[in-house]
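One structure is given here, and the rest of the page talks about it.
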Amino acid sequence: MKKIVTDMILMMMSVGAMAQTDTITTLTHQLEGVTITETLRKRTVTSTAPVYLLDRKDMLTMGVTDIADALHRLPGITLRDYGGAGGMKTVSVRGFGAKHTGVSYDGVMLSECQSGEIDLSRYSLDNVGNLSLVIGDNDDIFMPARQVSTPAVLNILTIGLPTEDTRPHLTTQVKLGSFGYVSPFIRYEQNLSDKFAFSAVGEYTYAENDYPFELYDKTDYRTNSRMSTGHGELNFMWNANTFNRWSGKVYYYDNARQLPGVVHYNTNLCKESLHDQNFFGQLRYQTHNRSGWWLEWNAKFNWHASVYEDPLISNRNNDASYWQREAYTSAAVLYAPDGYWAFDYSADYAFNNLSGSSPRTVNTRPYRHTILQSATAKFRNTRLTVLGRLLYSLYLNDAKDGASARNMRRLSPSLSLSYKLLQDYNLFVRASYKNIFRSPTFNESYYFHYGSTDLLPESTDQYNLGITYADKLSEQTTFQITVDGYYNHVKDMIVAVPYNMFIWTCINVGKVKVLGLDVTANSQWQMAKKQKLNLSGSYSYQRAENRTNPESPFYKYQIAYIPEHSGSVALGWENPWVNLTLHGSGISRRWANNQHNDGSIVDGYWDMGLTAWHTFQWGCQKLEARFDLKNLFDSHYEIVHFYPMPGRSWQISFKYLI
Amino acid sequence: MKKYFLSLMMMAMGSALVTSCLSDDDNKNKDPEVITVTSGVYVVNNGTWNQNNGSLTYFDYETLQARQLLSGASGLGDTPNDAYTNGDTIFVVGSTENTIFVVNKKDFSIIKRISTTETMGEAEGNTPRHITGYGDNIYFTTYGGYVGVIDAKTLTMSKTKYQVGSAPEGLDVGGSVSEPVLYVANSDYGYGNASISKINLNSGNVEEIKNEKIRNPQEIFAIGNELFILDWGYYDESWNQKEAGLYFYNNGNVTKLIADATGMAIGALYLYNELVGYQFVTFNNPYGCEKPTYSTLNTYTGQTSSLVLFGEPSGAEIFSPAAIAIDPISGYIIIASRQKDPDTGYASYTLPGYANMYTTNGAYIKNTHFETGIEPHMIGFTFTKQLLQQ
């Protein structure tokens, strides 16, 4: 019985907590001698709502080169990529805008109160253990309330602590690539005792990003596209005893980049630049007892500065700096009285504020208190998992120097279930419903002659129905497939409208309905000793329609930048000589606006790549050499209209581990 | 003396009017049976910012059909903003393209693309805004805070450039024949440091005129050294439009002629074939107003009055005026509008606009409703010569 309870508890841990579950797992192994059978991989099949995962092994065997490439491999994702290593990258899921996608970093949500969109270009994969995308509410219940406050969450989980011994471990890597790309990386980690471990990570990336592009009959090169960015992290974990653990992180990121802007036929003059700095520290405490009670407490302080400059504007009138801060804390209590039931109560509090340097930006010094509470009940037996949750959200808005946005409070329900159809086969059906909303961002509420303090929240409903299957087809072959159909509805969508040529504002007006299908499949075939073929792929269909006004000629038109079809495929051959992966991803045509004007079509594309790598090992030392040929067929395409993507390019990396 | 003054005023008029005056001048020594008539109207369309979909719309007076021209990145690109007709060519300002496009007036092909930054410098020639002409020169303002010069005969940039105030917009030539002066409206983006630059085209000297009533000047029309200035004023914290209107500047004094105006057109008033004054038509469309309003000013009588537009086909009424002009030959008023976004109910900056023609008393002229490109921004005219029917 104790084994079952322990299993269940571990299964209920959040995806965020899974980042560092290895230690708990090890601990549990050592102390209680149980076997943990559930893995995060398996959860992609058994979960009550879609979960998609890319771990380090996947990223290598699928030839994933960077965060944007990784996101292209996940279904249902629409990436907005402005091109090149320094180009901003935001992600929207299943037709919801990017502001509806939460991003968590080691189990704690990242904050962006100004624009509401997290720029994922700042996160490199070198220190990432796995990426997972959770859509709706799945059967993880032991997590901060904020983790369930968005329709979808992208979890970035760094390489966990600790290692298996007390030796120092060093990872060094250097990557070189086309267009002046160079990126050194270093990671040091060590268990100082059997209770305390720490790691230090540093990385730097420089890129010119001066790649060629074509515009009609003209070939030109991207200019004003240089980036210079660095990131450092300190992590620790202290297992005080069997039942108590502390862990924490200090993070700093600095990115000075030029902004190349839209390409023009007659000029490439642009001098805009953006300097981002981000610091945060987060602390976590976890404890449990033998009666089935678990407690997790998180605290975080976040500071983000953003400095925009355009020296070409006279008197530097467009220059602006912004500073946003967040103080956040969360407590989650889990009670699992038996092997069937589990209950969670989580309460979060966050304080956000924003200040700006320019009188024509956000100049009223807005701030917000956010209180989120979630109560979750979960039932699980050998075949059925059912989860119900209520989230209560309270947003208290104010501004020091002006009018404040509305206060908002909502009760948001969600329900999801998974049922194993056949006792002896891993064949599951899953269904879920989630209602959630997003509060207007500070830009939408307060930006000078753009924001409106009268805005209502943007509400979303999402329904998912899916079937999943995973099994060994033979001793040599494994196969997994997930198929999910969904229907999403957005109302009171926040849209910027012009009052006249000088003044814009945001209003609640839009309605969107999305009908879609996500399919993932992967198979592995052990074709010979030390030789394996990996085949994986994903496909998404998204019919995201503008349903604002039935009288409009644009009624039911596809929403801007949402492709109807997108997909990816990767075929890898692991062998003792040189491992090879051929991979590709692509999307169908899109429109740059909701009216589908002439000239607004953004063509679809298919981007292929080739990855070759080999790992040399001498005792406890390893050298991993990798070569990537990106955009194999030199396809010229855009993801955002008039922001061309790089053509054929290469990247080589050497990673040394001891 | 009066005759001299009138010819001076003709030379000092705005671009559309100058075209007509130049045309008239051309007729002086020619067969009196040949007259100049307006052959069509063109509209410069900004397009949607950053979408490379600026364009030119040409509405032919003979066929009453509109053609959409020069759209796309390889056409006028991103944000064409103003144009000036000079003989057989139209100089179009490619604001975000840092280019002056020289367009053949007959077939609307691009003859030449003149970079504003190559000769003037990146900072100085950045973002050209408005354009006018005088003599053999074409003058344009840039957000770099300069006025650049193009030789209209060789279609090359001159090394001459004049430093003016912050964020200059409209410009016009006034002064006198012996001492022409280029006046420039420096908006400072409405930040409060606006001014008028006065460039002596003989000496190259630049003076700055400041007045507390000049806050955000956008367009300027010079008669000698008297100026009519369209000023956008400012918006207060509650988004109320303040102090926008048509102003008159004379020898350091500024008076408001029409309150609340954000667009203007100028036409000449003739009495017995003699120029006696000017007709200004303005529109105003501030935040909160349910319907745009129009005003007129007759400088001959000194009267201002409101103008009501009427007679348009259902659904073709002007929703959100974006540009206005007066045909210098016929005196008709052309107004271009943004379309109403059917989803939001507000003006659309992503849908094609449209234009209508009206008589001077506001009556819609049948069959003159035509579609423009996205965000129509400036209206100009083309002319042709015809034999006068006996």
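Computation of the quantities below employed the complete heavy-atom set of this structure, encompassing side-chain atoms and omitting hydrogens, waters and symmetry-equivalent molecules.
- Closest of all the heavy-atom pairs between B:Tyr235 and A:His449 is CB-CE1, 3.3 Å.
- The heavy-atom pair separating A:Phe642 from B:Asn50 by the smallest distance is CD1-O, 4.0 Å.
- For A:Phe554, the part lying near chain B is the side chain, with the backbone staying farther off; criterion is any non-hydrogen pair under 4.5 Å.
- A:Tyr265 and B:Ala73 make their closest contact through CB-O, 3.0 Å (heavy atoms, listed as atom of the first residue, atom of the second, distance).
- Shown here for B:Leu351 and A:Gln595, the closest heavy-atom pair between the two residues is CD2-CG, 3.2 Å.
- For A:Asn546, the part lying near chain B is the side chain, with the backbone staying farther off; criterion is any non-hydrogen pair under 4.5 Å.
- Contacts of A:Lys511 with chain B are absent, with no heavy-atom separation under 4.5 Å from either backbone or side chain.
- Donor-acceptor pairing under 3.5 Å is lacking for the side chains of A:Asn594 and B:Asp343.
- Considering every non-hydrogen atom in both A:Asn317 and B:Ser166, the closest pair reads ND2-OG, 4.3 Å.
- With a 4.5 Å cut-off on non-hydrogen atoms, B:Ser115 does not touch chain A at all.
- Among B:Gly75, B:Gly190, B:Pro352, the residue with the largest count of heavy-atom pairs under 4.5 Å with chain A is B:Gly190.
- Both the backbone and the side chain of A:Leu312 come within less than 4.5 Å of a heavy atom of chain B.
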